Amino acid sequence: MISETVVDLSRLQFAATAFYHFLFVPLTLGLSFLLAIMETVYVMTGKEIYRDMVKFWGKLFGINFALGVTTGITMEFQFGTNWAYYSHYVGDIFGAPLAIEGLMAFFLESTFIGLFFFGWDKLSRRQHLLVTYLTAIGSNLSAVWILIANGWMQNPVGSEFSYVTMRMEMTSFRDLVFNPAAQAKFVHTVSAGYVTGAIFVLGISSWYLLKGRHIEFAKRSFRIAAAFGFASALSVIVLGDESGYAVTEHQQTKLAAMEGMWKTEEAPASFTLFAIPDDARRANSAEIKIPYALGLIATRSTDKVVPGIDRLEARAAERIRQGMEAVQLLELMRAGKAGEDQKVRFEQVKDDLGYGLLLKKYTKDVSQATPDMIAQAARDSIPPVAPLFWTFRLMVLLGFSFAALLALSFWYSAKNTFQEKRWLLRWAVCFIPLPWIASAMGWFVAEFGRQPWTIYGVLPTQLSTSALSAGSLYGSLAGFLFFYTGLLAVEMYLMFKYARLGPASLGTGRYEGEASFQPAH
Amino acid sequence: MLDYETLKLIWWLLIGVLLLGFAVMDGHDMGVGVLLPFVGKNDMERRIIINTVGPHWDGNQVWFITAGGAIFAAWPLAYAAAFSGFYWAMLAVLWALFFRPVGFDYRSKVNNPTWRSAWDWGLFIGGAVPPLIFGVAFGNLLQGVPFHFEDNLMPVYTGSFWGLLNPFALLAGGVSLAMLTFHGANYLMIRTEGEIQERARKAALIFGSVMLLAFALAGVWVSLGIKGYVITSVVDPGALPNPLDKTVAIEAGAWLGNFARQPLLWAVPGAAFVGGLAALLFAWTRKPVLAFIGSAVAELGIIGTAGVALFPFIMPSSSDPRSSLTVWDSAASQMGLSVMFWAALIFTPIVIAYTSWAYKMMAGKITAAYIEANDRSAY
């Protein structure tokens, strides 16, 4: 049996490498479309300043993109290296979107990004514009496929367990692709990326304006970012709400934990604006509630009940007991000792197989599970409340503050007075790092909130790892931290260096401060 | 929907195509990385060398990423067993690959000789380590890997990292490294001129010869000194995959079995020699495009030889032969294979078309004048 240390370290390594990877993804998603918009303006107006904008913001895009590629490969390797049982158990479904992502999205994005950087003199204006769009579309398509894969982890549709192959097998590719959980996630994630790109451009442009540098360049960049960002911020909120609705449908445990709903309330449930959840005591203190709000948001109705943790645990205990039977029947079948009746019975109870597997944490022989173990496993089926409660609220708060910043920026850029509003410019500069924090919070809620499962209701995290030693994991984790810290330091150094220089780094002779910069000779 | 047996065979071929795509495309970039510190004597020369692959390395690397994704999707058990079993080897590949995107993109963004030289060696590591380890992995596949499946099909590797680095596996690693370096040298000849081109030509002659000699030696070693694997129970190729549902024996000479049964298959190792020798000849007579095609054919022959020798095995187990993974019992479901088959059929030609367009638009020699004119934007 795999030790808890190995499971914990595998999770830690995955969390660390995934968070790190996602430092670079949102900016790629958002900035790529901003570049395409800027270049469209260039092609339409023929004004050189817009080409300079594409080239300069493109330089920052490139610095970010390099680490996105670097850390992305880790993600693909890691399922096999550290989550071997997961890879076997669900590879038939989970692997397909990953492979298609490579074929359809990565090739597109990676082939054309080369032409984006090096093709300025070799391509016609329209050809180059097309290349920029294809790069942006490629990055966004890759988000489609990876979120289809992740959506399936949250809501495993279109698949069925087979006892011969001892794994989940695909039964409908269409259901996998049109999984409502994946759709909602995709739009929410890419719009969060657009907000990140917009605040990045907005913040750096504001800094130039505060310093009185590259005024024309900064003003034009600011305007484009404000318009694009405002539209995106609205869609993050609207579609994040849609994502919340999808969670209610498919992952009631996540919702109950996020909301700190220890007890089931009568419909429509109230929304807890503030509280201090206590996982040990299984209750909240200092609650501030808005009546009816959660019921309306989560069920789009006034009469459907949002089940609380008490009810969900009771339901889980029932499924665990049924799952015990499924596990035992499966073992008989694998040993070739099952009769026809037992095979028929297995088909009836196999939807609860995953719940039976939750007991493997406590006993190797599931048939020997005690009522205590069942109660314990039922408790495990609810993720820890406090961390989810807080990260979710922080994410939402950040989301609304971005919307406010972008709305005001858009308003003042429409009135063309933003350059005088120094408070607004300062606000934009301070906000540069925050979209990354919001994204990280969002992923935390999605992934930590799915615990104790890697595939919700199907495969417990406990059983998903590789058969590795704790020593190997300590070693690899140390290696990742070493490389990633070093690479991040280098990336930040270059990002600051080029952001400070601004368009002077292009060497066109049109921007102030060029004499101080000699990169090559 | 195609029948299951056919789909399993098609996916064996398609994984081969993706590995070949990796060797031909990403392979020449990696070869260029290996040669970079030696063929480029100063900063300008090195910038010329790096910019021959500058616009393309990223797209080319996707062959590698897609091959990884396809193995995951088409052979989930093999992906799980190999990636977790070869844990430290895979991490070494991964960490070496870290140096490539940042090496290419960051190197010329700071004008400091130490900085630049450090990234040059980073690109060398990123070019040399992956092909070496992939070769070592194939060398171990041919000898069998110590792993087994538990009852619930959890793969467990019982060897050590150092056990992978045995003499035959290192020889196979040498074949692979020489092969990609040879290919990279041929590419470099196409895109450069003058002294760099001359040095690349010398490198091509050396690495091409090493590749052919090492490949021949490995062939002799396999036929005389390495035992192969055969399935001894009746196989139903269309059955639902279950690797524990068969018996396997270890026999001397078994890796030559497919060639003995189908003598036409000797054409595959034949292609390695014909392609390799032709490429050497064209490098010698300064016809770099033909030399590049020749080394691509040699790659087809060498990768194909390993695949054909192993067939139907993908990952034989030395410690528990019945746990060995074969084309028949590592595959994804019929629907999974079918969906991806159509995806590959539609998208691969599209990818090849736009990649060709990208090369066409960026064609021509990279010169010092080009670097100077694009000082701020070139790598």
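The sequence lines fix the lettering, A, B, ..., with proteins before strands; numbering per chain opens at 1. Source: prediction; values computed, not measured.
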Original post:
Which word best sums up how the rings of A/Phe77 and B/Phe64 line up, parallel for under 30°, tilted for 30 to 60°, or perpendicular for over 60°?
Top reply: tilted
Subject >> A/Tyr484/B/Phe98 aromatic ring centres below 6.0 Å >> reply: yes
Original post:
If you round to the nearest 0.5 Å, how far is CD of A/Gln127 from CH2 of B/Trp357?
Top reply: 4.5 Å
**OP:** Look up atom OG in A/Ser466 and atom OH in B/Tyr87, then write down how far apart they are to the nearest 0.5 Å.
**Re:** 7.5 Å
Original post:
From A/Ile100 CD1 over to B/Met340 CE, what is the distance, rounded to the nearest 0.5 angstrom?
Top reply: 7.5 Å
**OP:** Please work out which of the three classes, parallel, tilted or perpendicular, describes the rings of B/Tyr379 and A/Phe118, given edges at 30° and 60°.
**Re:** perpendicular
Original post:
Centroid-to-centroid, A/Phe112 to B/Tyr354, below 6.0 Å?
Top reply: yes
Subject >> Test item: B/Tyr157 side-chain N/O and A/Ala467 main-chain N/O as donor-acceptor pair under 3.5 Å >> reply: no
**OP:** Measure the shortest side-chain to side-chain distance between B/Met154 and A/His88 over non-hydrogen atoms and say whether it is less than 4.5 angstrom.
**Re:** no
**OP:** Would you confirm whether B/Asp105, through its side chain, and A/Ala66, through its main-chain N or O, come within 3.5 Å as a donor-acceptor pair?
**Re:** no
**OP:** Report the residue from B/Asp58, B/Leu97, B/Val62 that forms a side-chain contact (heavy atoms from CB on, under 4.5 Å) with A/Val69.
**Re:** B/Asp58
**OP:** Please answer whether the main-chain N or O of B/Gly69 pairs with a side-chain N or O of A/Glu76 as donor and acceptor at a distance below 3.5 Å.
**Re:** yes
Original post:
Between atom OG1 of B/Thr66 and atom CZ of A/Phe107, what is the distance when rounded to the nearest 0.5 Å?
Top reply: 4.0 Å
**OP:** Report the relative orientation of the aromatic rings in B/Phe99 and A/Phe483; use parallel for angles under 30°, tilted for 30 to 60°, perpendicular for over 60°.
**Re:** perpendicular
Original post:
Contact part of A/Ile63 toward chain B, heavy-atom cut-off under 4.5 Å: side chain, backbone, both or neither?
Top reply: both
Original post:
Among residues 344-351 of chain B, which residues come closer than 4.5 Å to chain A, judged by heavy atom distances?
Top reply: B/Ala344, B/Phe347, B/Thr348, B/Val351
